[in-house]
Every structure is written in structure tokens, then in C-alpha cells.
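What's counted below: heavy atoms across the whole structure, side chains too, no hydrogens, waters or symmetry copies. Letters A, B, ... mirror the listed sequences (proteins, then strands); counts begin at 1.
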Amino acid sequence: MIRIKKLNKSFGSLHVLKDVDLSVSEREVVVLIGASGSGKSTLLRCINFLEIPDSGSDEISIMGQTVDPQKDNLNQIRSEVGMVFQHFNLFPHRSVLENVTEAPIFVRKLKKSAAVDMAMQLLKKVGLADKAKSYPDQLSGGQKQRVAIARALAMSPKIMLFDEPTSALDPELVGEVLQVMKELAKEGMTMVVVTHEMGFAREVGDRVMVMDEGRIIEEGEPVELFQNPKLERTQKFLSQIL
Amino acid sequence: MTAIIEIFIENWEAFLFATGMTLKLTAVSLVLAMVIGLVFAFFKISGSKILYSIAQLYITVIRGTPLIVQLMFLYFGIIQLVVLPAFWAGALALAIHSGAYIAEIFRGSIQSINRGQMEAARSLGMTYPLAMRRIILPQAFKRAIPALGNQFIIGLKDSSLVAYLGVSEIYGTALYAQAANFQPFETYMVAGCYYLVLVIIFTWLVNKLEQRLSVEQSEVTK
């Protein structure tokens, strides 16, 4: 589903991603962990081209299609790749329902009634059908994030990217968001998740990748990696968060 | 006091007509100014150095020179190219003037919207113009309302300078009336009251609009 070879990204003189290789298969759940500043979020944001990789990056292919960010229609690609942000980024001037129907109506050109039907189903799925008419500022953090997930799913993405989806939440609200993500994984959604929730990684993740200073330094099956990390750097990081 | 009331009664027809003229001038110039302001705000945030410089030059020149100079410059400048009625020359000058301030208001309010809003919109596959129109501008416009209202009030009062092009709006009418009745103090007092009432009504309308927009957003659901 995703194949990245020798991806590089710099911000000015700051070299954030260094020759990163990543491939994710269909229905796979990949969890990215690593200290802050290690490049996890940037890597995620490069996958849907919110950040444009440096030229000279070898190859990015999404769903079997090699992407040239200079020439290809990135909007088309982004509409196939859902993204969930740490700070939700719901549209505050639109109701919960309108947040979900906005892109299907204006990007996919769906009829309003069809978009509303689909949005209501998605809201039911994340347990918020009764909040359809509310506005984002009336929701708790956990509810906001579940709406954000429904909003991303409304574009029927083939891949879902999660950028620390629970980091801005009060501890008691983390569970409800993880629950929705677990169900998605169970349904076979291809997911790349940046998170510090090791329980989630262990339970749902097919593969864990550890990032440090812009490189993927270690990867493996979650239980194995958490119990027997090969690198000292990984051990140190794990001991800090476990 | 009685003199003021007398002047008010004597000139009410002329002032009523003049009020219409002031409102027309204000409305036309501010609608144009909003368009100009939005265009130049986009120039400033476009990321293009050329467009940015054009906008910066425009804003610097307009903010750095008095309105009356701009008005005369435009009127006597334009008259050599095309014959433009004084009303339209005045409205255009006012629009170009307010446009510079409104451009900065729009730029500030667009840039004050959290980056995440644009990112979320783009991540859903929206194009930049669509995200601007559907997501950023509605929020930015709402945030700009208090500053815009202020600018509108300034625009309303600035329209008095168009009297010097011979347009009979409120101030122009007072100018003629006091020359005829030799009572400048009372006549300008009456003119001042007309402006004051207009500004009070306008302020009330802006407040209403602001309230309505904030209610719309946090409508309580049962």
C-alpha cells in the first residue's frame, strides 16, 4: 500500500528525515514510536504530502502508484489517505454532521442526502450519532477525536494515518478513541499510527518501528521488540515510556 | 438651542437627501473596499514576492498620505483620462483608501486561523481555493467583524471629505447651508448629529451581527 525508499526531508538546514525506507502492506497496522523530534510526525505528514519530501528522495508510492509531488494531483492522493491529527482540527464553524459531510459533498461531489446518510452511519459507528447537530466546542476531547476519525473515514480512504491521536486527551478519554481505532484495525484498515500507547501497539500493531534522529533504527513484531529490543537506544526509549 | 432646532427644521429635506447620499457613498465605497482588501490580503499571503511587494507598496502609500490628498489626486488625475462624475470619483477614492486598511484586517484574520484548519482541509483532498472558501474565510471573516465594523465607521465619517468634490452629502449640505444662513456653529452641530445618529445605528447593527454569528456557532442541542 505504501512504499517509501530513501525519503529525505529538511526544514531549512534542519535535516529531519534521513534516507527513510518504509513499506506497509494492505491491512497492516504499523506503529511508529520514538522520542519527540525524531521525525515520526514528519514521516507521517510526508505520506499524504502535507510536507513535500526533498527532491532527490528516491521514491514514494501510494497504492501502487509512484507519486511525483511536482506533477501529480496531490489532492487526489490526499483524498484516498485519511489523516487524524493530535489536535483534532475539527472545523469549529460547522456542526459535527457538516464536519463529516463537507469533503464528500465538495470534493467527491456526493449529493447532500447521500452524504448525510453516510455521515450518520459513520457517526453511529464512532458512537456519536446523537451529537450530529452539536458544534465541536460542545464536545469533549475524546468525542472530538472520534468525530475527526469519522470525518476522515467519510472519504473512504484506503489508508489511515494517525498522528498522536490520543496525546492531547485527558487520560480517561483515551480509551474511547483507541477503541474506535481497534475496531478499524479489525475491519482490515491499513493504518500507520504515531503513538505512545504501548498497550495499543502490542494489541493491534503488526509491526513497530522505532525512530531516532530522522532514521528508523529498529523494527519488529511488537511483543518481541518490547521484550528484547536490540539497540541500546531503543531500550533507553522504552524504559522511559513503559 | 432654538436656533439649532430652527436650522434642523429649515433644512430637513436637504439633510435627508444628503443622508441618502452619504449612505450611498459609504455603501458603494465599502463594498468596493472589501473586494480590494480581500484581493490585496491574498497578495500578501500568496507567497509570491512580486505580489507581496505590490500589496506592500499600495498599503504604504495609502496609509502614508492624507485621504484628502488622495481624493484630489484621483479626481483631478482621473478627469484627464475619463470624465467621471464626482460621486464615482469620490466613492472610488474612498474605496482605495479603506481597501488598504481592510487588506491588513483580512490578512491578520486569515493568518490568525490555526494552521491545522488548512491542513485538515487539505488532508481531506480539498484544493487550496476550496479550503480557503469553505473553511478559512468563514472563520476569518467572523473574526474580522469587530475591526471591519470600526473601519466602516471611519469610512462613513471619511465620506464627508467628498464634499470638496462638490457632492451634496451631509457635510457638503452643511457647508452650503451655513454660507446662506450665517450660522455655522448651529449648522455644523446639526450635521454632526446626523453623523452621530448614523454611527450609533451602525454600531448597533454590527453588534447584532456579531452576536448572531456567535450564537449560530454554539447553538445548544438537546
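Both the backbone and the side chain of B/I135 come within contact range of chain A, each with at least one heavy atom under 4.5 Å from a heavy atom of that chain. For A/F85, the part lying near chain B is the side chain, with the backbone staying farther off; criterion is any non-hydrogen pair under 4.5 Å. If you measure heavy-atom distances from A/R151 to chain B, the contacts under 4.5 Å come from both the backbone and the side chain. Interface remark: A/I77 contributes no atoms to any contact with chain B (heavy atom separation under 4.5 Å). Interface residue A/V81: only backbone heavy atoms are found under 4.5 Å from chain B.
Between A/I105 atom CD1 and B/R134 atom CZ the span is 8.0 Å, to the nearest 0.5 Å.
Other residues, nucleotides and ligands contribute only 12 or fewer heavy atoms inside 6.0 Å of the CD atom of A/Q121. The 12-atom threshold is not exceeded at CD1 of B/I50, counting heavy atoms of other residues, nucleotides or ligands nearer than 6.0 Å. Within a 6.0 Å radius of CZ in A/R207, more than 12 heavy atoms belonging to other residues, nucleotides or ligands are found. Counting non-hydrogen atoms of neighbouring residues, nucleotides and ligands closer than 6.0 angstrom, the NZ atom of A/K182 exceeds 12 such neighbours.
In terms of heavy atoms, B/Q117 sits closest to A/L90 at NE2-O, 2.7 Å. B/L124 and A/V107 make their closest contact through O-CG2, 4.1 Å (heavy atoms, listed as atom of the first residue, atom of the second, distance).
Side-chain contact check for A/M83 versus B/E119: every heavy-atom pair is 4.5 Å or farther apart. At a threshold of 4.5 Å between non-hydrogen side-chain atoms, the residues B/K142 and A/H93 do not count as touching. Using a 4.5 Å heavy-atom threshold, the side chains of B/P138 and A/R94 count as touching.
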Legend entry - Derivation of the side-chain contact (heavy atoms from CB on, under 4.5 Å) call for A/F106 and B/M126: CA-CA 8 Å; A/F106 287 92; B/M126 292 191 194; 5.6 Å; no
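Between A/N75 and B/R122, the side chains place a donor N or O and an acceptor N or O closer than 3.5 Å (distance only, hydrogens not considered).
Scanning residues 52-61 of chain B against chain A with a 4.5 Å non-hydrogen threshold yields no residues.
When the candidates A/R108, A/H87, A/R78, A/Q76 are compared by the number of heavy-atom contacts under 4.5 Å with chain B, A/R78 comes out ahead.
A/N89 contributes no side-chain N or O that, together with a main-chain N or O of B/A120, makes up a donor-acceptor pair within less than 3.5 Å.
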